[in-house]
Enquirer: 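Mind having a look at this structure? Questions to follow.
For clarity, every value in this text was computed on a predicted model and none was experimentally measured. Every chain is numbered from 1, with letters handed out A, B, ... down the list of sequences.
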2 protein chains.
Amino acid sequence: MKMNNRERARCETRAAILKALAHPTRLFMIEVLAKKSYCVFELTEMVGLDVSTVSKHLSILRNAGLVNVEKKGKHVFYSLRMRCALNFLDCVEAVLREQAQDRMDAI
Amino acid sequence: MKMNNRERARCETRAAILKALAHPTRLFMIEVLAKKSYCVFELTEMVGLDVSTVSKHLSILRNAGLVNVEKKGKHVFYSLRMRCALNFLDCVEAVLREQAQDRMDAI
DNA sequence: TTCATATTTGGCACAATAACCAAATGTTTA
DNA sequence: TAAACATTTGGTTATTGTGCCAAATATGAA
């Protein structure tokens with residue numbers, strides 16, 4: 001199968017979602033938000049980076065459709081929208097376990 | 001939960017795997033390799049980029065532990081190693097469907 | 001050995017990311 | 001309205017990622 005324009009577009013769309021997940025800070029927030037929703041300030045404390053940085057990370061997750069946003073007074077609460085993103089992470093875990101096994105085998 | 005050093009390291013490891021997937025060309029190859037193994041030359045034809053570029057993409061997938069490599073004569077065959085990477089993509093598909101639904105709702 | 005083919009690696013140019021600070025926006029409280 | 005707080009946006013810089021070409025490496029065939 002050749003990667004024609006249609007196919008390329010399809011892969012770009014999918015890759016965009018994966019890219020949104022593919023950053024340690026965003027991954028961390030996805031996991032935290034899986035438990036309950038938090039406002040930007042709370043997430044900033046947990047993450048330990050500048051508020052503006054965290055806000056930008058959240059906008060990336062938002063644009064990818066991975067989180068929900070809800071304004072309450074002067075706070076903005078984020079929550080995990082795509083629960084199946086967690087399955088992602090389980091699969092990643094499986095990859096890592098297998099990598100660890102390989103390293104054992106190599107000894 | 002704070003993102004301490006241990007937690008940061010854990011997220012970096014996981015993100016590294018997602019990063020390896022988060023590119024249209026690599027995503028395409030993952031899907032192609034899910035069906036059967038191919039050599040670099042065949043993949044290059046399908047992808048339509050320079051061989052060196054394809055080779056580098058493959059090395060990224062290899063380093064992430066997502067594909068297997070097998071040398072046969074002067075050819076190098078790649079195959080999908082982590083089948084569960086495909087579940088990843090099903091989940092991505094679900095995200096995309098939900099996004100499309102949102103756009104419908106917005107009308 | 002020499003040639004042809006297959007793949008990888010190095011180097012360069014350009015685009016995209018991610019971090020911070022500072023400034024702008026929006027919202028509640030005094 | 002003014003001040004305080006929460007969040008977002010703009011700008012800058014450093015780092016990384018991606019693509020191509022050219023060169024290096026590896027393997028099989030003549």
Enquirer: Hey, does the side chain of A:Tyr78 come within less than 4.0 Å of D:dT8's phosphate (OP1/OP2), counting only N and O?
Expert: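 Looking at the OP1 and OP2 atoms of D:dT8, one of them is under 4.0 Å from a side-chain N or O of A:Tyr78.
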
Enquirer: Nearest-Å distance, OH (B:Tyr38) to C1' (C:dA6)?
Expert: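 It is 18 Å, rounded to the nearest whole Å.
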
Enquirer: Find the distance A:Ile60:CD1 to C:dT17:P and express it as a whole number of Å.
Expert: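 These atoms are roughly 8 Å apart.
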
Enquirer: Run A:Leu66 and A:Arg81 through side-chain contact (heavy atoms from CB on, under 4.5 Å) and show every step you take.
Expert: CA-CA 5 Å; A:Leu66 295 167; A:Arg81 177 191 174 115; 5.8 Å; no

Enquirer: Could you check which of D:dC21, C:dT7, C:dC20 has an atom nearest any side-chain atom of B:Asp50?
Expert: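 Given the options D:dC21, C:dT7, C:dC20, the side chain of B:Asp50 is closest to D:dC21.
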
Enquirer: Under the 3.5 Å rule, do the base of D:dG17 and the side chain of A:Lys19 count as making a donor-acceptor pair?
Expert: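 Answer no: no donor N or O sits under 3.5 Å from an acceptor.
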
Enquirer: In whole angstrom, give the distance that lies between atom CZ of A:Arg8 and atom P of D:dT18.
Expert: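 One finds 14 Å between P of D:dT18 and CZ of A:Arg8, rounded.
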
Enquirer: Examine C:dT28: is either OP1 or OP2 under 4.0 Å from a nitrogen or oxygen in the side chain of A:His75? Give yes or no.
Expert: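 A:His75 to C:dT28 OP1/OP2: no side-chain N or O under 4.0 Å.
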
Enquirer: Measure the distance from CE on B:Met29 to P on D:dT18 and round it to the nearest whole Å.
Expert: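 It works out to 11 Å between those atoms.
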
Enquirer: Report the nucleotide, chosen from C:dA18, D:dA26, C:dT8, that has the shortest atom-to-atom distance to any side-chain atom of B:Lys71.
Expert: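 Taking heavy atoms from C-beta onward, the closest nucleotide is D:dA26.
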
Enquirer: Please pick, from C:dT8, C:dT28, C:dA19, the nucleotide with the shortest atom-to-atom distance to any side-chain atom of A:Lys74.
Expert: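 The nucleotide sitting nearest to the side chain is C:dT28.
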
Enquirer: Is the base of C:dG11 touched by the side chain of B:Lys56 through a donor-acceptor pair closer than 3.5 angstrom?
Expert: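 Present.
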
Enquirer: Taking atom P of D:dG17 as reference, at what distance in whole Å does atom CG of B:Asn63 sit?
Expert: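 About 12 Å, once rounded to whole Å.
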
Enquirer: What nucleotide, of C:dA19, D:dT7, D:dT18, holds the atom closest to the side chain of A:Leu49?
Expert: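 Among the listed nucleotides, the one closest to the side chain of A:Leu49 is C:dA19.
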
Enquirer: Do the charged groups of A:Arg14 and B:Glu93 touch, with an N to O distance under 4.0 Å?
Expert: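 Yes.
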
Enquirer: For D:dG19, does OP1 or OP2 lie under 4.0 Å from any side-chain N or O of B:Thr53?
Expert: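 It does not, given that no N or O in the side chain of B:Thr53 lies less than 4.0 Å from OP1 or OP2 of D:dG19.
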
Enquirer: So, B:Ser59 side chain and B:Lys56 main chain: donor-acceptor pair closer than 3.5 Å or not?
Expert: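 Yes; judged by distance alone, with no hydrogens or angles, the pair exists.
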
Enquirer: Of the nucleotides C:dA19, C:dT7, C:dA22, which has the atom closest to the A:Ser52 side chain?
Expert: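 Out of C:dA19, C:dT7, C:dA22, the nucleotide with an atom closest to A:Ser52's side chain is C:dA22.
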
Enquirer: Among the candidates C:dT27, D:dG19, C:dT7, find the nucleotide nearest to the side-chain atoms of B:Val76.
Expert: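 Selected nucleotide (nearest to the side chain): C:dT7.
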
Enquirer: Would you kindly give the CG-to-C1' distance between A:Leu58 and C:dT17, to the nearest whole Å?
Expert: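 To the nearest whole Å, that distance equals 16 Å.
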
Enquirer: So, do B:Arg83 and B:Leu80 sit near enough that their side-chain heavy atoms are less than 4.5 Å apart?
Expert: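 Yes - at least one pair of side-chain heavy atoms lies under 4.5 Å apart.
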
Enquirer: State yes or no: do B:Leu27 and B:Leu96 share one hydrophobic cluster built from I, L, V, M, F, W and Y residues joined by side-chain heavy-atom distances below 4.5 Å, directly or via other members?
Expert: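 In one cluster: yes.
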
Enquirer: Pick the nucleotide of DNA chain C nearest each of A:Ala22 and B:Arg62; which residue has the one closer to the 5' end?
Expert: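 Nearer the 5' end of the strand: B:Arg62.
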
Enquirer: Could you please name the option among D:dT7, D:dT18, D:dT27 that lies closest to any side-chain atom of A:Phe41?
Expert: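 Selected nucleotide: D:dT7.
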
Enquirer: Would you mind telling me which residue lines up with the more 5' stretch of DNA chain C, B:Glu42 or A:Val51, judged by nearest nucleotide?
Expert: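 So the residue in question is B:Glu42.
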
Enquirer: Closer than 4.0 Å, any side-chain N/O of B:His57 to the OP1 or OP2 of D:dG17?
Expert: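 No, because none of the side-chain N or O atoms of B:His57 sits under 4.0 Å from OP1 or OP2 of D:dG17.
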
Enquirer: Could you tell me how far apart B:Leu61 (CG) and D:dT18 (P) are, to the nearest whole angstrom?
Expert: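 Rounding to the nearest Å, CG of B:Leu61 and P of D:dT18 are 11 Å apart.
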
Enquirer: Between C:dA19 and A:His23, is there an OP1 or OP2 to side-chain N/O distance shorter than 4.0 Å?
Expert: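 Yes, A:His23 has a side-chain N/O under 4.0 Å of OP1/OP2 on C:dA19.
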
Enquirer: Under the salt bridge (charged side-chain N to carboxylate O under 4.0 Å, His left out) rule, what do B:Glu31 and A:Arg10 come out as? Steps first, then yes or no, please.
Expert: CA-CA 12 Å; B:Glu31 289 179 27; A:Arg10 201 181 62 87; 2.5 Å; yes

Enquirer: Quickly work out the B:Leu18 CG to D:dT16 C1' distance and round it to whole Å.
Expert: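 Spelled out: CG on B:Leu18 to C1' on D:dT16 is 17 Å.
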
